[in-house]
Amino acid sequence: MDISFGPFTLDERARQLRRGTQPVHLSPKAFDLLALLVHRRPEAISKSEVHEQLWRDTFVSDVNLAVLIAEIRTALDDDARHPQFVRTVQRFGYAFSGTVAEVQRPRSPGLGHALCWLAWGAERAALSNGENLVGRDPAADVRVDAVGVSRRHAMIVVGDHEVTLHDLSSKNGTYVDDVRVTSPMTLTDGIEVRFGPAVACFRRAAGMTSTQTLKTSRGSRVRQ
């Protein structure tokens with residue numbers, strides 16, 4: 001889903017903020033914070049809850065949060081004293097105050113119709129076209145039930161022409177063939193993917209039509 005406000009568009013599938021058609025740089029944590037504020041609008045979110053959402057397994061000071069808010073305001077050309085988008089709630093937290101339009105994009109044809117999945121042993125977890133959240137979160141598309149895996153550990157994006165793996169600032173890292181993912185990495189059939197201690201193999205069924213099915217479903221659970 002694309003979320004538009006003012007001249008900006010928040011593209012969560014691509015994890016990108018755009019002004020018109022031009023990308024606007026945001027660090028991964030700043031992007032996550034902006035998305036959190038936008039989705040919870042117009043509700044004010046306390047600093048403690050933001051810490052829980054962004055740094056669940058790590059202690060950080062409020063200075064880190066203030067730095068992210070400043071980064072977001074710079075990206076949005078927002079004024080802290082006269083905010084158009086991000087409002088400070090004194091002695092509490094922050095809220096998104098902009099007018100938002102949500103646009104649900106249809107799933108794209110192409111590679112999304114080819115079946116992709118993660119395999120571990122004899123089990124498989126299907127990957128749908130678009131974003132696939134991997135982690136311990138009960139709402140994850142692929143739930144990895146293992147100690148050392150973050151609730152929102154990684155994102156696998158199945159696009160029209162490629163499948164990419166994104167690490168979501170996980171505590172114990174995401175790896176492709178033992179190379180740590182620090183920026184989006186393209187996945188190819190048969191490559192090894194590791195989410196912290198949990199190891200899986202990415203597979204893509206080349207030439208399989210959309211009418212063929214595998215015995216798996218969204219929300220599959222990986223046990224290690």
Side-chain angles (χ1 to χ4, degrees), residues 12-16 26-36 39-40 45-65 67-68 71 115-128 130-159 162-204 214-224:
E12 292 190 275
R13 291 174 64 183
R15 288 186 61 81
Q16 186 178 67
L26 276 180
S27 66
K29 285 293 187 186
F31 183 94
D32 290 341
L33 176 56
L34 177 58
L36 175 64
H39 281 293
R40 295 279 292 274
I45 306 177
S46 68
K47 293 180 182 180
S48 61
E49 184 176 354
V50 173
H51 279 276
E52 176 67 15
Q53 292 291 331
L54 267 63
W55 296 285
R56 187 178 302 273
D57 302 316
T58 307
F59 174 78
V60 297
S61 70
D62 283 345
V63 173
N64 298 72
L65 178 54
V67 169
L68 292 185
E71 181 183 347
L115 288 177
C116 303
W117 66 94
L118 291 177
W120 59 100
E123 299 184 64
R124 296 176 177 180
L127 301 172
S128 295
E131 292 188 343
N132 298 265
L133 176 63
V134 181
R136 288 191 297 106
D137 194 312
D141 301 300
V142 179
R143 188 180 179 197
V144 183
D145 188 14
V147 175
V149 175
S150 300
R151 289 176 63 85
R152 294 174 57 85
H153 196 102
M155 185 77 71
I156 298 176
V157 181
V158 180
E162 65 178 354
V163 179
T164 54
L165 175 64
H166 307 246
D167 180 72
L168 301 182
S169 301
S170 62
K171 182 177 181 180
N172 294 313
T174 303
Y175 298 81
V176 173
D177 279 350
D178 288 327
V179 177
R180 186 158 188 164
V181 176
T182 56
S183 59
M185 294 185 68
T186 300
L187 298 180
T188 56
D189 182 50
I191 204 164
E192 182 183 276
V193 181
R194 177 158 59 88
F195 309 101
V199 179
C201 180
F202 171 76
R203 299 308 307 267
R204 176 184 171 188
L214 294 172
K215 293 182 180 179
T216 186
S217 61
R218 297 283 284 175
S220 300
R221 187 173 180 178
V222 180
R223 290 182 175 87
Q224 290 292 321

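Positions are given from 1, in the same order as the sequence printed here. All of these numbers come straight from a predicted model, not from anything done at the bench.
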**Report entry** Partners meeting side-chain contact (heavy atoms from CB on, under 4.5 Å) with Thr186 (sequence neighbours left out)
**Finding:** Glu162, Thr164
Query raised in the report: Any idea which heavy atoms bring Arg204 and Trp117 closest together, and the distance?
Result: C-CZ3, 4.3 Å
Query raised in the report: Would you say the side-chain atoms of Asn64 pair up with the backbone N or O of Val67, donor to acceptor, closer than 3.5 Å?
Result: no
Query raised in the report: Can you find a heavy atom in the side chain of Val193 that is under 4.5 Å from one in the side chain of Phe195?
Result: yes
Query raised in the report: Can you tell me how far the CD atom of Glu49 sits from the OG atom of Ser46, to the nearest 0.5 Å?
Result: 5.0 Å
Query raised in the report: Roughly how far apart are Leu54 CG and Leu36 CG, rounded to 0.5 Å?
Result: 7.0 Å
Requested in this report: Work out which heavy atom in Val144 is nearest to a heavy atom in Ala198; give both atom names and the distance.
Outcome: CG1-CB, 3.5 Å
Query raised in the report: So how far is it from Tyr175 OH to Thr182 OG1, rounded to the nearest 0.5 Å?
Result: 10.5 Å
Query raised in the report: Between Glu71 and Ser27, is a side-chain contact (heavy atoms from CB on, under 4.5 Å) present by the stated rule, with each step listed?
Result: CA-CA 8 Å; Glu71 181 183 347; Ser27 66; 3.0 Å; yes
Query - Donor-acceptor under 3.5 Å (Asp177 side chain, Glu192 main chain) - result: yes
Query - Arg143 to Asp137 - nearest heavy-atom pair and separation - result: CG-O, 3.9 Å
Report task. First locate atom CZ of Phe31, then atom CG of Leu68, and finally report the distance between them rounded to the nearest 0.5 Å. Result -> 13.5 Å
Query - Taking every non-hydrogen atom, the tightest pair across His153 and Gly148 - result: CE1-O, 4.2 Å
Report task. Indicate the atoms forming the closest heavy-atom contact of Leu133 with Asp141, along with that distance. Result -> N-OD2, 2.7 Å
Query raised in the report: Taking side chain as C-beta onward, heavy atoms only, is Val149 less than 4.5 Å from Pro197?
Result: yes
Query raised in the report: Do Leu118 and Phe202 have side chains that get closer than 4.5 Å, going by heavy atoms?
Result: yes
Report summary line: Here the gap from Ile45 atom CD1 to Arg40 atom CZ, rounded to the nearest 0.5 Å, amounts to 4.5 Å
Query raised in the report: Any side-chain heavy atom of Val134 within less than 4.5 Å of one from Ile156?
Result: yes
**Report entry** Side-chain heavy atoms of Ile191 within contact of Thr188, under 4.5 Å
**Finding:** yes
Requested in this report: Determine, stepwise, if the pair Leu165 / Thr174 fulfils side-chain contact (heavy atoms from CB on, under 4.5 Å).
Outcome: CA-CA 9 Å; Leu165 175 64; Thr174 303; 3.6 Å; yes
Report task. Nearest 0.5 Å please: distance from the NZ atom of Lys29 over to the OG atom of Ser169. Result -> 4.5 Å
Requested in this report: Taking the side chain as every heavy atom from C-beta outward, state whether Asp178 and Arg194 have any pair of such atoms under 4.5 Å apart.
Outcome: yes
Report summary line: Tightest non-hydrogen contact, residues Arg180 and Asn172, listed as NH2-C, 4.1 Å
Query raised in the report: Can a salt bridge be assigned to the pair Arg203 and Asp189 using a cut-off of 4.0 Å between side-chain N and carboxylate O?
Result: yes
Query - Residues that Arg15 engages under salt bridge (charged side-chain N to carboxylate O under 4.0 Å, His left out), provided they are two or more places apart - result: Asp32
Query raised in the report: Could you walk me through whether Leu65 and Lys47 pass the side-chain contact (heavy atoms from CB on, under 4.5 Å) check?
Result: CA-CA 8 Å; Leu65 178 54; Lys47 293 180 182 180; 3.8 Å; yes
